[in-house]
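The sequence lines fix the lettering, A, B, ..., with proteins before strands; numbering per chain opens at 1. What you see is a predicted model; the values in this text were computed from it and never measured.
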Amino acid sequence: MLVGENRLPQSFYEAYDTRTLAQKLLGCELVHNSPDGITSGTIVETEAYLQDDPACHAYQKRTPRTEPMYAAPGTIYVYLIYGMYQCVNVVSNRVDCGEAVLIRALQPTEGIEIMQIRRELSRKKTLGKVSKPIPLKELCRGPGKLVQAMGIERSVHNSQSLVDSNLFITPPLSGNPFEIEISKRIGLTQGADFLYRYSLKNNPFVSR
DNA sequence: ACCCTGATGCTCT
DNA sequence: GAGCATCAGGGTG
């Protein structure tokens with residue numbers, strides 16, 4: 001942990017219910033102080049996953065995969081999706097509750113070159129192709145993309161805490177107010193009608 | 001712009 | 001064995 005680092009403390013993650021936290025996280029910075037260097041981005045899109053929600057991984061069952069979701073708020077839950085992508089969540093609410101906030105998009109702030117390299121490397125690995133340079137807007141626009149760009153790894157970060165790992169969140173850089181848009185979540189088969197998606201209105205880095 | 005598809009592997013039934 | 005909180009590429013309009 002760096003001296004003078006202003007990461008959000010445990011009390012922040014404990015202070016709100018899941019849907020409120022999903023909104024409070026908007027405008028905050030997600031930071032990875034990795035061996036490659038620092039990368040960070042403003043959180044511009046989140047989704048809430050609640051206990052009574054069939055889309056929630058911890059819905060009506062507790063399994064080994066979702067165990068981190070039952071840990072303290074502020075715990076990092078990373079899971080593999082479609083065999084080749086990962087998504088990152090902030091565990092919310094209370095211990096043993098099983099709720100979380102999915103981070104869906106970032107507006108890149110620091111380490112943009114590193115993000116580009118990581119994304120192109122990931123693409124090459126999964127597609128076996130060399131691809132064209134990835135535009136700034138596409139670096140972190142989507143949950144799988146931002147995990148690649150930020151260098152987040154399930155094997156490293158899953159079940160760690162944002163309070164004391166090299167992955168953490170800091171408060172908004174500017175105190176400027178912003179408008180939050182509420183909409184239906186994306187890409188779900190179950191629970192598709194819940195209005196649990198939050199984004200910064202008119203921000204071009206929001207997915208879709 | 002939209003629509004469709006394939007890639008790929010873990011998790012739970 | 002089915003399902004999956006995705007992404008990229010290629011087709012069509």
Basic-acidic side-chain contact under 4.0 Å: A/D36, A/R118: yes
Of A/K184, A/R19, A/R104, which meets side chain to side chain contact (heavy atoms under 4.5 Å, CB included) against A/E47? A/R104
Remember a base hit wins even if backbone is also touched, and classify A/R208 as base, sugar-phosphate or nothing at under 4.0 Å, heavy atoms. nothing
Go through the steps to decide whether A/K201 and A/E181 satisfy the test salt bridge (Lys or Arg N to Asp or Glu O under 4.0 Å), and finish with yes or no. CA-CA 5 Å; A/K201 197 162 188 175; A/E181 186 166 350; 5.4 Å; no
Is any NZ, NE, NH1 or NH2 atom of the basic residue among A/D193 and A/R185 found under 4.0 Å from an Asp or Glu carboxylate oxygen of the other? no
Spatial distance of atom CD1 (A/I180) from atom OH (A/Y198) [nearest 0.5 Å]: 9.0 Å
Would you please enumerate the stems DNA chain B participates in, each stem being three or more consecutive Watson-Crick or G-U wobble pairs with both distances under 3.5 Å? B:1-7 with C:6-12, B:9-12 with C:1-4
Assign the ring pair A/Y196 / A/F194 to parallel, tilted or perpendicular, where the plane angle (0 to 90°) is split at 30° and 60°. parallel
In terms of the nearest nucleotide of DNA chain B, which residue is placed more toward the 5' end: A/K125 or A/R154? A/K125
Distance-only polar pair, side chains of A/S207 and A/E45, donor-acceptor under 3.5 Å: yes
Please determine, by modelled atom types, if A/T42 and A/E29 share a side-chain donor-acceptor pair under 3.5 angstrom. yes
Sugar-phosphate atoms are those with a prime plus P, OP1 and OP2; base atoms are the rest. Using that split, label each nucleotide of nucleotides 1-13 of chain C B, S or - for protein heavy atoms under 4.0 Å, 5' to 3'. ---BBBBSS----
